[in-house]
*Asks:* 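Below: one structure in structure tokens.
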2 protein chains.
Amino acid sequence: MPSAPDTHSLNTLVHKLQSIATLSDEERQAILSLPARTRILAPRQDIVHDGDKPSQCCLILDGWTCRYKMLSEGRRQIFSFHIPGDIPDLQSLHLHTMDHSLGTITQATVAYIPHESMRELSTRFPRIGEVLWRDTLVDAAIFREWMIGMGRKSAFGRIAHLFCEMYLKLEAVDLAGDHRCPWPITQVDLGDALGLSNVHTNRVLQEMRGKGLISLRGSTLVIQAWDELMRASEFDPTYLHLEKRAA
Amino acid sequence: MPSAPDTHSLNTLVHKLQSIATLSDEERQAILSLPARTRILAPRQDIVHDGDKPSQCCLILDGWTCRYKMLSEGRRQIFSFHIPGDIPDLQSLHLHTMDHSLGTITQATVAYIPHESMRELSTRFPRIGEVLWRDTLVDAAIFREWMIGMGRKSAFGRIAHLFCEMYLKLEAVDLAGDHRCPWPITQVDLGDALGLSNVHTNRVLQEMRGKGLISLRGSTLVIQAWDELMRASEFDPTYLHLEKRAA
DNA sequence: CGGATGCTTGATATGGCTCAAGGATTGTGG
DNA sequence: CCACAATCCTTGAGCCATATCAAGCATCCG
């Protein structure tokens with residue numbers, strides 16, 4: 001019996017999970033046979049809204065999404081950016097009411113997987129349950145790292161740190177390499193993620209460009225001075241808990 | 001066969017888990033038969049250190065602890081405060097290297113439970129595994145809420161929000177009531193948790209006292225104006241995902 | 001009673017915010 | 001392929017919330 005072709009949409013998930021853990025052939029097959037309904041969503045569109053009680057989770061196949069919460073007077077906090085392979089609302093499996101929203105940044109292709117199927121899978125293959133749990137724990141580790149930035153780092157350090165983080169996350173699922181990656185995040189989004197105003201975000205980015213540390217044009221980020229950005233932002237990738245590191 | 005007396009140290013855990021989920025008698029019994037080695041630790045002492053690879057987790061029976069990370073030049077970020085019933089390093093079950101430290105705030109009594117026993121328990125009682133997973137998800141929800149504070153709220157709002165949060169967490173395990181709770185957190189700790197200097201923390205606390213919103217003396221916090229603090233900090237307890245709410 | 005720890009105060013400095021406007025890109029419909 | 005709208009980026013000026021530095025005071029505990 002031939003295995004599913006590499007274009008199978010759930011391969012995206014297998015690939016991602018293998019970046020943070022090891023799976024057996026049997027487990028891989030089990031994941032690939034999950035039921036999934038695929039949809040294409042426009043940019044800046046909500047997938048799940050604060051207060052919802054979802055009965056499915058959402059696997060990102062293409063495009064970027066973010067989790068965020070709106071406050072009074074139009075203030076917004078973005079908690080995380082998500083890329084293909086991520087299940088940004090995996091937590092809804094065990095926290096039944098959403099305490100924040102999930103929306104697209106770019107146009108995005110997503111696969112909806114019923115909670116019921118995820119639960120069955122975790123019961124039949126406890127190891128997969130553990131890996132999914134692990135994924136939500138890595139999410140939490142990233143939250144903590146953002147807290148360090150917002151609590152104790154300069155705007156420069158926060159932005160540099162996020163560049164390093166997203167680059168490694170993209171690289172782990174083969175969406176980046178050579179210190180170059182897609183960057184569809186606007187300066188307003190970036191500010192809302194890092195607790196900065198758009199004006200200040202803009203000025204720091206110009207400083208980075210001026211010093212030749214990065215180039216950021218046409219939705220592509222090039223990290224020209226990786227070591228310098230890492231040093232300046234006190235970036236240590238341990239918290240990403242990546243299992244396999246690129247060469 | 002009589003059930004374990006209420007003084008059984010693992011009752012602390014059962015009590016806490018029942019504040020965020022429902023357990024059957026059988027599950028309760030299974031938790032109570034976990035093996036645990038109990039120790040008393042001095043204040044300001046590390047329990048697990050950044051970089052460790054623990055083989056057990058640590059249930060708080062008495063006292064307060066916090067998770068934190070040290071940065072260059074003595075800067076520190078505290079990620080969370082933990083109280084009796086919490087297992088602050090539960091994540092080490094699936095993230096094998098600690099990316100931060102766990103230490104005591106006050107003198108504390110802790111019970112060490114081997115990872116192996118936790119894994120067995122989760123396998124024999126998948127429902128308990130789910131509840132533990134859920135607990136780590138609530139942790140992450142609290143991280144997100146702190147991110148909102150540090151990214152988008154004033155010092156006043158952050159402190160007020162933390163007061164509301166800790167009061168409800170303590171109340172959920174019967175350690176607070178009547179808008180009064182223990183508060184062993186120094187002003188330096190509070191600043192390190194919320195991304196503030198100790199000087200500014202002090203001034204905001206005085207403002208709160210001056211306005212008659214709180215009283216904070218001798219390690220006891222009294223929230224005199226609950227509604228006002230909730231309003232000013234945009235506090236909405238949904239993110240704590242408490243199952244049973246006090247009357 | 002003395003040392004340690006934590007709290008309070010004043011003075012000064014600054015990183016980042018707000019407001020406001022103009023310029024550059026990008027995507028879209030004709 | 002152009003024109004226009006929408007979105008995003010950039011710039012300047014002024015200000016404020018919070019940081020830093022430095023010292024003295026209060027409280028707790030052995």
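These numbers come from the heavy atoms of this one structure, side chains and all, not from hydrogens, waters or symmetry mates. Quick note on labels: first sequence line is chain A, next is B, and so on, each numbered from 1.
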*Asks:* How long is the line joining CG of A:Leu205 and C1' of D:dC9, in whole Å?
*Replies:* 10 Å

*Asks:* Using a strict cut-off of less than 4.0 Å between a Lys/Arg side-chain nitrogen and an Asp/Glu carboxylate oxygen, indicate whether A:Arg44 and A:Asp189 qualify as a salt bridge.
*Replies:* yes

*Asks:* Treat primed atoms plus P, OP1 and OP2 as sugar-phosphate and everything else as base, then score nucleotides 25-30 of chain D 5' to 3': B for base contact with protein heavy atoms under 4.0 Å, S for sugar-phosphate contact only, - for none.
*Replies:* ------

*Asks:* When you list every nucleotide of DNA chain C with an atom under 4.0 Å from a heavy atom of chain A, which one comes first 5' to 3', and which comes last?
*Replies:* C:dG16 to C:dC19

*Asks:* Quick check: do B:Ile159 and B:Met208 have side-chain heavy atoms less than 4.5 Å from each other?
*Replies:* yes

*Asks:* Does a side chain donor of either A:Arg75 or A:Ser72 reach within less than 3.5 Å of an acceptor in the other side chain?
*Replies:* yes

*Asks:* How close or far is atom P of D:dT11 from atom CG of A:Asn202, stated in whole angstroms?
*Replies:* 7 Å

*Asks:* Rounded to whole angstrom units, what separation is found between the CZ atom of A:Arg44 and the P atom of D:dA6?
*Replies:* 17 Å

*Asks:* Can you measure A:Trp183 atom CH2 to D:dC8 atom P for me and round it to whole angstrom units?
*Replies:* 16 Å

*Asks:* Would B:Glu207 and B:Arg203 pass as an ion pair if we require N to O under 4.0 Å?
*Replies:* no

*Asks:* Nearest heavy-atom pair of A:Gln107 and A:Leu41: which atoms, and what distance?
*Replies:* CG-O, 3.1 Å

*Asks:* Do B:Thr104 side-chain atoms and B:Gln45 backbone N/O form a donor-acceptor pair below 3.5 Å?
*Replies:* yes

*Asks:* Determine the minimum heavy-atom distance between A:Cys66 and A:Phe81, stating which atoms define it.
*Replies:* CB-CD2, 3.8 Å

*Asks:* Specify the separation, in whole Å, of atom CZ of A:Arg217 and atom P of D:dT10.
*Replies:* 11 Å

*Asks:* Report which part of the nucleic acid B:Arg209 touches: base, sugar-phosphate, or nothing (heavy-atom distance under 4.0 Å, all strands).
*Replies:* sugar-phosphate

*Asks:* Do the side chains of B:Asp86 and B:Lys169 get close enough for a salt bridge, i.e. N-O under 4.0 angstrom?
*Replies:* yes

*Asks:* If we count only N and O atoms by modelled type, under 3.5 Å, do the side chains of A:Gln187 and A:Asn202 hold a donor and an acceptor together?
*Replies:* yes

*Asks:* State plainly whether the residues A:Lys69 and A:Asp192 are in salt-bridge range, i.e. N to O under 4.0 Å.
*Replies:* no

*Asks:* Quick one: pull up CG in B:Asp62 and OG1 in B:Thr106 and give me the separation to the nearest 0.5 Å.
*Replies:* 7.0 Å

*Asks:* Return a single string for nucleotides 16-21 of chain D, one symbol per nucleotide in 5' to 3' order, where B is base contact, S is sugar-phosphate-only contact and - is none, cutoff 4.0 angstrom on heavy atoms.
*Replies:* --SSBB

